[in-house]
There are 2 protein chains.
Amino acid sequence: MKITAQEEYGLRCIMHLARVPFGETVNVRQIAECEGLSTAYVEKLLYLLNRAGLTESVRGAQGGYRLAYPAEQISLRQVLEALGGVLTADNLCNQFSGDREICVHHGGCELHSVWSFVADYLAVVFNRITLKHLADGEARPLVPSFFSRSEQTIPLAGHQPVQTAQTNSEER
Amino acid sequence: MKITAQEEYGLRCIMHLARVPFGETVNVRQIAECEGLSTAYVEKLLYLLNRAGLTESVRGAQGGYRLAYPAEQISLRQVLEALGGVLTADNLCNQFSGDREICVHHGGCELHSVWSFVADYLAVVFNRITLKHLADGEARPLVPSFFSRSEQTIPLAGHQPVQTAQTNSEER
DNA sequence: TGGATACTTGACTTTTTTGTAAGGATTGAG
DNA sequence: CTCAATCCTTACAAAAAAGTCAAGTATCCA
C-alpha cells in the first residue's frame, strides 16, 4: 500500500495554489522552484489537475494557474482522484485477477471486504479534508484525538452483532 | 494510493495456507492452481513470506509450506509488511523530496500530518485483523457497523464549528 | 543410495510508472 | 502587428516494479 509520486507531488502543486489569495495566479516556474520539481513535471501535474476541473489556467504573459474553487471547496479526495485514482474495492478483484478472467474468489472473496472497509474509510476521510484544512495545518492536532477514541471504535477486534441494512455512500 | 500486486497476491497465498488445518502443508503447485497464478510467481511470494518468518517450508516429497503460527496470531499488518512495506508517514517526505536533499517543507509540511493520520490508522486496523478473521469472513459484516459509528469519530469534520462563514472572499 | 519432489535464489524479461522533451497554441504588452 | 511569456499536449526515455526462468540445494522414501 503506497502513495504514488504523482499523488504526492501533484498534491503539493495544488497546495501551492491554495496558499495564495483566491483568484491570484501562480505560474509553473514559480511552483517548480518552490517545490523542488522540474517545470516539465509541474506542467504535467497541473495538466492533470486542470483537466479534472480543479484548477483554471490563464494563458499568455502574466498567466498561470489558480484554483477553480475556493480551497475550502476542494477535497483531498478530488485531488487524489484527479492524480491517479482512489482506492476502490470494487476494482481490486478485477485489477488483480491472476491469469483468470475474474478473481478466483468471485462471490466469496475474503479480501474484498477488507479492502472495501479500508477504501470506504479513506473515501470518507479524504472527502472531508479540504485544501483549506491542509493549508491551515488543521489536520495535525486532530490525529491524537482520533487515536484516543479509536480504541473503542475500530470494529474487527470486538463483536459483530450488526445489521447490514445500511448504505454508506458519502458524496459531496 | 494503491495496493500493489505483490501485496494482493501474496496475501492470497498466505490465506490459502490459513484455510487448511494448522500444521498441514500445501505445495506451491496447488496454491498456484487455485489462485490462478504461475508457480514461479507463487514461489517468489512465498519466499518473501518465508523470509519474514510468517510461514515455514518443508522440503522434499510431500513437502510444502505452512503457517509458522496459528492463523489467529498472524496479523494482516505483518503480512503486508513482509510483502512490500507498510505506509509509514515518516518516510514519505524522504521518499518524495523532489530534486532536493530533503523535503522542501521540512519542518512545516502540511501533508505529513495527513499521511501520518492515514498511516497510523491503517496500522491499527491492520494490526487487529488476523488471518483467522479473514478466513472466517468476519471482516465482512463489520464494515457497516464501522460506518454507523464513524460519523461521530472522524475528526476533521466536527472539529470546526464553521468559522469560515465570515471570510467573504470575493467571487471570481 | 539415487531418483523424485519441492523449496531457494539470483538473474533476466516484461510491464508500468516516472519524469523529460519538444513543439504547438493562446494571450498580453508594446 | 509582432513577439515573448505562458500554458497545452503528445511522444518518448529512464527507472522501478512485476513477473518468469533456470540452475541450484535440501529432503524424503523406496
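Since the structure is predicted, the reported quantities are computational estimates derived from the model, not experimental observations.
In terms of heavy-atom proximity, I3(B) sits nearest to F96(A) at O-CZ, 3.2 Å. Across every non-hydrogen atom of I31(A) and V26(A), the tightest pair is CG1-CG1, 3.7 Å.
Remark: R51(B) is positioned above the aromatic ring of Y47(B), its terminal NZ or CZ atom under 6.0 angstrom from the ring centre and at most 45 degrees off the axis.
The CZ atom of R66(B) sits 15 Å away from the P atom of dA6(C) (whole-angstrom rounding). Rounded to a whole Å, the CD atom of Q95(A) is 11 Å from the C1' atom of dT16(C). In this structure, the CZ atom of R29(B) is 9 Å from the C1' atom of dT5(C), given to the nearest Å. In this structure, Y65(B) atom OH and dA26(D) atom C1' are separated by 12 Å, rounded to whole Å. Rounded to an integer number of Å, the gap from D99(B) CG to dT18(C) P is 17 Å. For the pair N27(B) CG and dC7(C) C1', the interatomic distance rounds to 10 Å; values are reported in whole Å. When rounded to the nearest whole Å, the span between CD of E43(A) and P of dT18(C) equals 19 Å. Between the P atom of dA18(D) and the CD1 atom of I3(B) lies a distance of 13 Å, rounded to the nearest Å.
Contact annotation for Q62(B): backbone-only contact, meaning every heavy-atom pair under 4.0 Å involves sugar-phosphate atoms and none involves a base. Counting non-hydrogen atoms under 4.0 angstrom, G64(B) reaches the backbone sugars and phosphates but no base. Across all strands shown, A40(B) has heavy atoms under 4.0 Å from base atoms, whether or not it also approaches the sugar-phosphate.
Between the side chain of E7(A) and the backbone N or O of T4(A) there is at least one donor-acceptor pair closer than 3.5 Å.
Among L46(B), I74(B), T25(B), the single residue meeting the side chain to side chain contact (heavy atoms under 4.5 Å, CB included) criterion with L17(B) is L46(B).
Heavy-atom distances to DNA chain D give each of R59(A) and K2(A) a nearest nucleotide, and the one nearer the 5′ end belongs to R59(A).
Between W115(A) and F126(B), the ring planes are perpendicular. Angles over 60° get that label, and only those under 30° would be called parallel. Ring-plane geometry between Y9(A) and Y41(A) is classed as perpendicular, the angle between the planes exceeding 60 degrees on a 0 to 90 degree scale with a lower cut at 30.
Under the ring pair (Phe, Tyr, Trp, His ring centres under 6.0 Å) criterion, no residue pair touches residues 48-70 of chain B, with sequence neighbours excluded.
Y41(A) has no side-chain polar atom (N or O) that falls below the 4.0 Å cut-off from OP1 or OP2 of dA14(D). Within the 4.0 Å cut-off from OP1 or OP2 of dT8(C), at least one side-chain nitrogen or oxygen of S57(B) is found. A sub-4.0 Å separation between OP1 or OP2 of dT20(D) and a side-chain N or O of S38(B) is present.
Proximity of Q6(A) to L48(A): side-chain heavy atoms (C-beta onward) are separated by under 4.5 Å at one or more points.
In summary, E8(B) and R12(B) engage in a salt bridge, as defined by a charged side-chain N under 4.0 Å from a carboxylate O.
In the region residues 9-16 of chain A, proximity to DNA chain D at under 4.0 angstrom, judged on heavy atoms, holds for none of the residues. Of the residues in residues 44-54 of chain A, those with a non-hydrogen atom less than 4.0 angstrom from any atom of DNA chain D are Y47(A), N50(A).
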